[in-house]
Amino acid sequence: MLQQLFKQVLSDKACGVNNKLLLKRGIPERLQYLLAGQHARELHIYGSWGQTFEAHVPWDAICFKQYTTTTTFHLFCVFLLAKDGSGMYLSLNQGVDYLKELNSVKNVPSTRRQKHRQYLQSCSHELLGKLGGATGYITGPIDLGIDNSKSTGWFYQHSNIAAKYYQAGAIPTEDQLLRDVLDLLNKYDELITAVPNYRNFVHSLL
């Protein structure tokens, strides 16, 4: 069922449509059902297609509720749909909105946004080093088809820590997707344990 849900949202995305119903309800509810009792930590699962404007990169996130219930800050696992619907990533990622506290990300010169990109990549590199290993994962920047550096999706490309990529025409079975999610949740747990104070960590790299 999860396979079919993702196939549908990617197909819709390829036609320029964010399927709000599946992103907001269908996928989170199915993930909640599949993950019930599968992980020791309490999970908060939710999706977004954007708020004021539709997002270039809609997503469905899985957060450790003890630490965060939002993707604006902290660490989380997230399914990120490519802008053109050609595929999606399951990513261990970080919130990027806190950069607004530093320099109002959307209103700074291009050169400063590039510095933000470099900063996010530095954070990702340091966080990756705290994992026991990431064999089989894409580490570092990912490609969501976003070249507009004012888009939050552009930043998510550079804040990726470890990810798996699925082409739209080759979405795995529900069982495989569940195994992949559980494996990444274990890495998420490992990272949270290694970096108990994430705020101090990211600010130490400024």
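Predicted model only: the values in this text are computed from it and were never measured.
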Would you check if the side chain of S11 reaches a backbone N or O of K7 as a donor-acceptor pair within less than 3.5 Å?
no
If you draw a 6.0 Å radius around CD in Q38, do more than 12 non-hydrogen atoms from other residues or ligands fall strictly inside?
yes
When you compare the side chain of N197 with that of R199, does any pair of heavy atoms fall below 4.5 Å?
yes
Rounded to the nearest 0.5 Å, how far apart are CG of N186 and NE2 of H39?
5.0 Å
Are the aromatic rings of H44 and F76 close, with centres under 6.0 Å apart?
no
Would you call E174-R30 a salt bridge at under 4.0 Å N-O?
yes
Does the side chain of T173 reach to within under 4.5 Å of the side chain of L177, using non-hydrogen atoms?
no
Would you say that S124 contacts H158 through its side chain, given a criterion of any heavy-atom pair below 4.5 Å between the two side chains?
no
How about F79 and F6: are their ring centroids closer than 6.0 Å?
yes
With a 3.5 Å distance limit and no angle check, can you tell me whether Y188 reaches the backbone of L75 through a side-chain donor-acceptor pair?
yes
Answer yes or no: does atom CZ of R41 have more than 12 heavy-atom neighbours from other residues, nucleotides or ligands under 6.0 Å?
yes
Heavy-atom distance under 4.5 Å between the side chains of L35 and L182, does that happen here?
yes
State, yes or no, whether a side-chain contact exists between C63 and T69 at a heavy-atom distance under 4.5 Å.
no
May I ask you to decide if G95's main-chain N or O and T71's side chain share a donor-acceptor pair within less than 3.5 Å?
no
Would you indicate whether the side-chain heavy atoms of V57 and T152 approach each other to under 4.5 Å?
no
Are side-chain heavy atoms of Y156 and V96 found at a separation under 4.5 Å?
yes
Hey, is the main chain of I146 close enough, under 3.5 Å, to the side chain of Q157 for a donor-acceptor pair?
yes
For L21 and N19: C-alpha separation, side-chain torsions, deciding distance, then whether side chain to side chain contact (heavy atoms under 4.5 Å, CB included) applies.
CA-CA 6 Å; L21 182 61; N19 190 320; 3.9 Å; yes
Can the ring centres of W59 and Y46 be said to be less than 6.0 Å apart?
yes
Any donor and acceptor pair, going by atom type alone, linking the side chain of E190 with main-chain N or O of G132 inside 3.5 Å?
yes
Please check if the side chain of Q3 supplies one atom and the backbone of I171 the other of a donor-acceptor pair under 3.5 Å.
yes
I'd like to know if the side chain of N160 reaches the main chain of G140, judged simply by a donor and an acceptor atom lying under 3.5 Å from each other, with no hydrogens or angles considered.
yes
Would T68 and T70 count as having a side-chain donor-acceptor pair, cut-off 3.5 Å?
no
Can Y198 and Q94 be counted as having a side-chain donor-acceptor contact under 3.5 angstrom?
yes
Within-4.5 Å side-chain heavy-atom neighbours: R179 and Q176
yes
Nearest-0.5 Å distance that lies between atom CD1 in I138 and atom CG in D143:
10.0 Å
Using a distance-only test with no angle check, is there a side-chain donor-acceptor pair under 3.5 angstrom linking D183 and Y137?
yes
Rounded to the nearest 0.5 Å, how far apart are CD of E126 and CG of L128?
10.0 Å
Drop me the distance from N93's CG to S159's OG, to the nearest 0.5 angstrom.
3.5 Å
For L43 and K65: C-alpha separation, side-chain torsions, deciding distance, then whether side chain to side chain contact (heavy atoms under 4.5 Å, CB included) applies.
CA-CA 5 Å; L43 305 177; K65 195 172 183 178; over 6 Å; no
Gap separating the CG atom of L5 from the CG atom of L23, nearest 0.5 angstrom
10.0 Å
Where do L191 and I161 land on the side chain to side chain contact (heavy atoms under 4.5 Å, CB included) test, with the steps shown first?
CA-CA 10 Å; L191 200 51; I161 302 164; 3.8 Å; yes
Check whether any side-chain N or O of N18 sits under 3.5 Å from a backbone N or O of A55 as a donor-acceptor pair, and report yes or no.
yes
Kindly indicate, with the supporting measurements, whether the criterion side chain to side chain contact (heavy atoms under 4.5 Å, CB included) is fulfilled by L185 and F64.
CA-CA 9 Å; L185 285 175; F64 286 159; 4.1 Å; yes
Are Y166 and Y89 close enough that their ring centers fall under 6.0 Å?
no
Are S86 and Q167 close enough that a side-chain donor and a side-chain acceptor fall under 3.5 Å?
no
Does this structure show an ion pair linking K13 with D84, if we count only N-O contacts that are shorter than 4.0 Å?
no
